[in-house]
Amino acid sequence: MRTLYLYNTLTRKKEPFEPLHPPTVGMYVCGPTVYGEGHLGHARPAITFDLVFRYLRHLGYKVRYVRNITDVGHLENDADTGEDKIAKKARLEQLEPMEVAQNYINSYHHTMHQLNVCDPSIEPLASGHIIEQIEMVEKIIKNGYAYLSQGSVYFDVEKYNSLHHYGILSGRKLEDLVANTRTLEGQQEKHNPADFALWKKANPEHIMRWKSPWSEGFPGWHMECSAMGAKYLGLPFDIHGGGMDLKFPHHESEIAQAVAAENTQPVKYWMHNNMVTINGQKMGKSLGNFITLNEFFTGKHPALEMAYAPMTIRFFILQAHYRSELDFSNEALQASEKGMKRLITALETLKNLSPSETNQVDVSSIKNRFYEAINDDFNTPVLLAHMYDGVRIINSIRDGKTTIDAENLGFLQSLYDTFVTEILGLHIESIGSSGDEKMLDKLMQMVIELRKEAREKKDWNTSDKIRDDLKKAGIQIKDTRDGAEWSRL
RNA sequence: GGUGUCAUGGCCGAGCGGUUAGGCAGAGGUCUGCAAAACCUCGUACAGCGGUUCGAAUCCGCUUGACACCUCCA
């Protein structure tokens, strides 16, 4: 097994992964802002970093995975008042802000579980870490990188840039930034248009507000991740992940805040997943072109030709490299579903294979190719391609055209099990072993037996009626050489 | 305008100088009472124009087109 290489946005190249404090690994990923239903775009980072989490654990690391929930502090762009996103939604729905957040948090969790995304080790709320954020702002002020202006605290980007490089992550220059800044509320309070808020004084109508040394208000856009990352992982920590759209200004500012407060680069490896697009355009909240995950699962959206199972969505995302754009289409999703089914079918075949005395399968070379692919910056498309090559071998063994001995068969079985279930996190529900499933299988064996008797008497009417009626009930009968099998449609 | 990324066969999607990516669709076949499913075989693509090289999808330049970020966004 070779070294894991991952692409570091900060250095713009693939680097061998060497944790700061082996065998532990600290990973922080930007989670959702809970003011709306989770959509396909949210599934991408969740699944991408779920894969990272799973694989690092597979490699034997003890991983602390922190994925925050943003429930305060982000400004609404179309609202002149600069009011809090959560607060605005709350007013619209006549609910408590915390109630809105809780509602979407629950929904997000449910959806993530359906996608078989592991729970992070810690899932901190921004609203639960106001004190930590205030303390960090105080440090930044004390170190001379921030100033107070009419109750709000702003980060002094120019000052920072004179000593460090503001733009180190996104490749920007301060001069370029200054020239292009929109006018927004509070702009006149800033010394420099590129400065950003660390603490914002709340307007009177603002519902979500906390006391601070400077004013009653709320923390700035980028404070929560800096504060919570530092609190739970310590600075510096190993991996910080998130969507590419967060590179600037969010992650850039996180770096600046950490350097200003603690005089250290906060993160060793920055990882960014690319966007999901629809008709070539980013699927996003603000563009209003998003399809929620629940809509995918139920098929209830005009753009969807059918419902797509959570595992289909997961497989679809895994079929593209995380740093490539991924374009949504019904055709692509259906292709994923069929492809995944073929893989799962082969997995079932693999379980029931019988060994020979001789062996023609080089399992260790298959294994090497699997690891080579995933070690190359989590190249899941290539990994899946290798897995399909293995499918052909598995089928060939079943057909008696290739032989495998008991030892190699065992290796192959555990290799596929490890990669499919443990690393890729594909959950094979249809063969679940719950009580209901077992009962259903016994029932089906009985029905199949009855049908077999009918077929032996060449009673095709009965035989076909059973098959057709089962189909109406959502069960597919397949007549194979070794007798009939059933599966859900 | 600035900073980046990308253009691959009908669709999706790898590829990082020389050998088959892979999946879906399509075609042919095996199996079968019929059907469905499953399995096997098959495509020779790389935006355009130059250049470097024995050799380029892969490196360099130009052109065209697309996308992301620069404003909350995964």
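Lettering follows sequence order; numbering is per chain, from 1.
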Select base, sugar-phosphate, or nothing to describe what [X] touches, counting heavy atoms under 4.0 Å on all strands.
X      : answer
A:H386 : nothing
A:G41  : base
A:V276 : base
A:L326 : sugar-phosphate
A:M275 : base
A:Q281 : sugar-phosphate

Is there a Watson-Crick or G-U wobble partner for [N] with both distances under 3.5 Å, and if so, which one is it?
N     : value
B:U3  : B:A68
B:U19 : none
B:G55 : none
B:A38 : B:U30

Does a donor on one side chain sit under 3.5 Å from an acceptor on the other, for A:Y322 and A:D377?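 Short answer, yes.
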Kindly say whether the aromatic ring centers of [X] and [Y] come within a distance under 6.0 Å.
X      : Y      : result
A:F378 : A:Y5   : no
A:H39  : A:H42  : yes
A:H272 : A:H251 : yes
A:Y416 : A:F370 : yes
A:Y269 : A:F17  : yes

What's the closest nucleotide to the [X] side chain, out of [options]?
X      : options             : answer
A:E331 : B:C70, B:G10, B:A74 : B:G10
A:Y388 : B:G23, B:G2, B:A74  : B:G23
A:K173 : B:U3, B:G13, B:A74  : B:U3

[M] and [N], which share atom name [atom1], separated by this distance in whole Å:
N     : M     : atom1 : result
B:A36 : B:G29 : P     : 14 Å
B:A74 : B:G55 : C1'   : 43 Å
B:G9  : B:G4  : C1'   : 29 Å
B:G10 : B:G26 : C1'   : 8 Å
B:G17 : B:A57 : C1'   : 10 Å
B:G22 : B:G43 : C1'   : 14 Å
B:G51 : B:U19 : P     : 23 Å
B:G23 : B:G13 : C1'   : 8 Å

Quick one: is [N] close enough that its OP1 or OP2 comes under 4.0 Å of any side-chain N or O from [X]?
X      : N     : result
A:N379 : B:G15 : yes
A:R342 : B:C39 : yes
A:S324 : B:A14 : yes
A:T345 : B:A37 : no
A:K282 : B:C69 : yes
A:R392 : B:U41 : yes
A:R398 : B:C39 : no

On RNA chain B, check which nucleotide each of A:W460 and A:N395 is closest to and give me the residue with the more 5' one.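 Result: A:W460.
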Quick one: on RNA chain B, does A:D399 or A:D389 contact a more 5' nucleotide (nearest heavy atom)?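 Residue closer to the 5' terminus by nearest nucleotide: A:D389.
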Any N/O donor-acceptor pair, A:R467 side-chain to B:A35 base, under 3.5 Å: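 Between B:A35 and A:R467, which were checked side chain against base, a qualifying N/O pair under 3.5 Å is present.
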When the distance from [atom1] of [X] to [atom2] of [N] is rounded to whole Å, what number comes out?
X      : N     : atom1 : atom2 : result
A:Q319 : B:A21 : CD    : C1'   : 13 Å
A:N274 : B:A66 : CG    : C1'   : 13 Å
A:E337 : B:C12 : CD    : C1'   : 15 Å
A:E252 : B:U71 : CD    : P     : 13 Å

Between A:D119 and A:R67 (salt bridge meaning N to carboxylate O under 4.0 Å), is one present in this structure?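 Between A:R67 and A:D119 there is no salt bridge, as every charged N stays at least 4.0 Å from the carboxylate O atoms.
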Quick test of your reading of the model: are A:K351 and A:E348 salt-bridged, counting only N-O distances below 4.0 Å?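 Here A:K351 pairs with A:E348 in a salt bridge, since their nearest N and O are under 4.0 Å apart.
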